[in-house]
Amino acid sequence: MATAAHTMTPLPELCGAVTAWVSSVRELTQPAAVHWCEGTEAEARELTAGLLRAGELLPLNAAKFPGCHLYRSKPSDVARVEHLTYICTRSQEDAGPNNHWMDPQAARAKMRELFRGCMRGRTLYVIPYCMGPLGSPLARCGVEITDSPYVVINMLVMTRAGRAALERIARDGSFVRGLHSIGELDPERRFIMHFPEELAIESYGSGYGGNALLGKKCHALRIASWQAREEGWLAEHMLIVGLESPRGETHYLACAFPSACGKTNLAMLIPPASLPGWRVFTVGDDIAWLHPGADGRLWAINPEAGLFGVVPGTNPETNRNAYDMIRRDTLFTNVALTADSQPWWEGLKSGKPVTDWQGRPYDPARGPAAHPNARFTVSAKRNPGYSPHAEDARGVPITALVFGGRRREVAPLVYEARDWAHGVLVGASVASETTAAMVGQPGVLRRDPMAMQPFCGYNFADYWQHWLNVGATLTRAPRIYHVNWFRRDAEGRFLWPGYGENLRVLAWMLERCAGRAGASESAIGQLPRVEDLNVAGLDLKPGALAALLAVDPALWRQELADIREYLGRYGSRLPAALLKELETSARRLG
Ligand code: SAT
Ligand code: MN
């Protein structure tokens, strides 16, 4: 009997549409070789070995960090570049004031010139991938072409990539086309272009994360948000977490926070010892695809298969599971090194850096040892809390949706929206201080609706209308909440301990959804009273909880005026229902 290897069809013969596209890209980019990714472990090992031989990957201490490697980006290529990211729709209005826009023909022409001959002397890799469980009707596929083997080894972890994905593409008959080249890694010749009307992405000049792993933000959010509107679902920048209560009930929450605001930590939350009986399961840590189900509920899948998480701050106290998870078979990007080649980062609380993220002798005068946006890439299966339902084809049912930002004042610890339409306004009004996940000044407050400001592939006004439309189809819609873990006192100290203690807030939400927890009515929604939150065993400063739950009328009048001004930028396309909700809140504030 022939072995499987003998009978397997060569990848280029599986799907004519993919092969034709690869041929045209090959002609344009002139690579020295073409490699179709099978997606096997042996292939990943060979690619890793090649990168090690080329000196592009560095081995880490094999006794302490088996199977782990370090990659160092170019110092000018360490974060997403929103100012170079474009949505190229025929009509500029469709991209909206929230996106940079370029005419699709002009963008194609510009990119053609950049891509022409850019892979000479390099290998062109073809990565067929599936976002979501391979057998799920909710999953969607794409093909990334890249000349970066570092991108390939990331994509092999972050997505279901290889033969099985290509077989599904051949069955589906459609796929997102993502063309990527690192080019010269020159910030002056760097563009991340999206063509949602053609389900296409073209990215040139960066090798970093969201700019280059095209399955992630480019496909699973920008292009997918467009597909989702056409097909009646939502593609969101949300983690998905399952909480099993001491009663033995499991509920799932989908929570949106801007990049580097703790999504991975919340998705992998460790219950504090003073809250016995709770168990936490991770479904996803960054992206959720939410579909209305036949039962009137919202069902979620995680389109990703791995985590691309922020390293700094990870230690046994902040996130024990993440700390353990990244001690083997993990790819580190832009961390520092100890004398015995262990990875090191700020907030690790042990060890000492001798080499910084750029490979120089560590000198504190030059800034942090690890880059603040240093990342780990690791399979979701390495997470000890990975949900047994994370790969369910139909997804998991969502009990509550949570929006949050990083704000030192104004936003209380938590509040509950009055209903779905008010919840859409709450999501649309999210504001957050910028972080190291994007190029630019960190710590600047900006509007980041639904944490999707960098990721919505079309006009936010149409997106909010789509949210309202989806809500109207749900007979058992999730309740909607807003949280702020980052509120500070007058001295600038955090009022809330965060991390595992956030479970206290999530537990209140679940009790509210079950009709068991109290709240007090405020102009902006329902807030827990001090007695409604379980703070047993929590060492809060006197008055801290009251300060965390305070809604200052003067600050909120200003906040609502800012929100009105912001929403006004969307003109006549803005759904009237949002303004109506805003007026209701304003009237209640007086
Ligand atoms: O660079 S990524 O987009 O992958 C990470 C993030 O900013 O959320
Ligand atoms: Mn993210």
Side-chain angles (χ1 to χ4, degrees), residues 71 73-74 76-85 129 131 142 144 146 148 150-151 153-155 157-159 178 180 182 190 192 194 201 203 205-225 235-241 254-268 282-289 302-314 322 331-334 371-378 380 402-406 430 432-440 442 446 448-457:
Y71 180 82
S73 308
K74 258 201 147 176
S76 59
D77 186 33
V78 292
R80 280 182 293 101
V81 283
E82 294 181 15
H83 59 297
L84 303 173
T85 299
Y129 63 86
M131 301 309 290
E144 175 164 359
T146 181
S148 161
Y150 165 75
V151 165
I153 60 172
N154 273 280
M155 285 289 286
V157 175
M158 296 303 298
T159 71
H180 170 255
I182 54 172
R190 179 175 295 166
I192 325 293
H194 303 74
I201 305 155
S203 166
S206 166
Y208 190 81
N211 302 329
L213 314 179
L214 301 186
K216 199 171 176 53
K217 301 303 171 50
C218 298
H219 175 163
L221 288 177
R222 297 196 191 94
I223 299 293
S225 61
E236 298 300 324
H237 192 205
M238 290 177 169
L239 66 94
I240 309 163
V241 66
C255 315
F257 297 90
S259 300
C261 288
K263 276 201 301 299
T264 304
N265 288 329
L266 190 63
M268 297 181 68
T282 314
V283 177
D285 82 318
D286 195 36
I287 300 176
W289 286 357
N302 170 16
E304 300 190 281
L307 294 89
F308 184 69
V310 175
V311 184
T314 306
L331 173 54
F332 289 89
T333 299
N334 299 336
H371 190 276
N373 194 32
R375 297 273 170 165
F376 57 76
T377 312
V378 67
V402 181
F403 295 114
R406 180 187 283 271
V430 166
S432 192
E433 292 152 22
T434 50
T435 68
M438 58 182 278
V439 167
R446 67 163 181 178
D448 192 349
M450 279 84 169
M452 284 285 279
Q453 167 52 42
F455 307 122
C456 184

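Just so you know, ligand 1 is whichever comes first in the structure, and atom 1 is the first atom listed for that ligand. Small disclaimer: the values here were computed from a predicted structure and weren't measured.
Classified by interplanar angle (parallel below 30°, tilted 30° to 60°, perpendicular above 60°), the ring pair Phe455/His237 is perpendicular.
Atom 1 (O) of ligand 1 has as its closest protein heavy atom Gly210 N, 2.9 Å. In this structure, atom 8 (O) of ligand 1 lies nearest to the protein heavy atom Lys217 NZ, 2.5 Å. Protein heavy atom nearest atom 7 (O) of ligand 1, with residue, atom name and distance: Arg80 NE, 2.8 Å.
Note: no N/O pair closer than 3.5 Å links Asp286 and ligand 1 by distance alone.
Smallest separation of non-hydrogen atoms from Ala374 and Pro312: O-CD, 3.5 Å. For the pair Leu266 and Val241, the tightest heavy-atom approach, listed with the atom from each and the gap, is O-CG2, 3.9 Å. Pairing each heavy atom of Ser206 with each of Asp77, the nearest pair is OG-OD1, 2.6 Å. Considering every non-hydrogen atom in both Asp448 and Pro454, the closest pair reads OD1-CD, 3.8 Å. Heavy atoms only, all atoms of each residue included: Asp286 and Glu304 are closest at CB-OE1, 3.6 Å. Leu331 and Ile153 get closest at one heavy-atom pair: CD2-CD1, 3.8 Å.
The ligand atoms of ligand 1 that sit less than 4.0 angstrom from a heavy atom of Phe308 are 4 (O). Within ligand 1, counting atoms from 1 as listed, the ones closer than 4.0 Å to a heavy atom of Ala437 are 7 (O). Heavy-atom contacts of Ser259 reach the following atoms of ligand 1: 6 (C), 7 (O), 8 (O) (cutoff under 4.0 Å). Listed by atom number, the atoms of ligand 1 under 4.0 Å from Lys216 heavy atoms are 4 (O).
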Side chain to side chain donor-acceptor pair (under 3.5 Å) between Thr85 and Arg222, intermediate numbers included: CA-CA 11 Å; Thr85 299; Arg222 297 196 191 94; 4.7 Å; no
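Between Arg446 and Glu82, at least one side-chain nitrogen of the basic residue sits less than 4.0 Å from a carboxylate oxygen of the acidic one, meeting the salt-bridge criterion.
At a heavy-atom distance under 4.0 Å, only side-chain atoms of Arg375, from C-beta outward, approach ligand 1.
Counting only protein atoms, the N, O or S atoms lying less than 2.8 Å from the Mn ion (ligand 2) are Lys217 NZ, His237 NE2, Asp286 OD1, ordered by chain and residue number.
At least one donor-acceptor pair closer than 3.5 Å links the side chain of Arg375 to the backbone N or O of Phe308.
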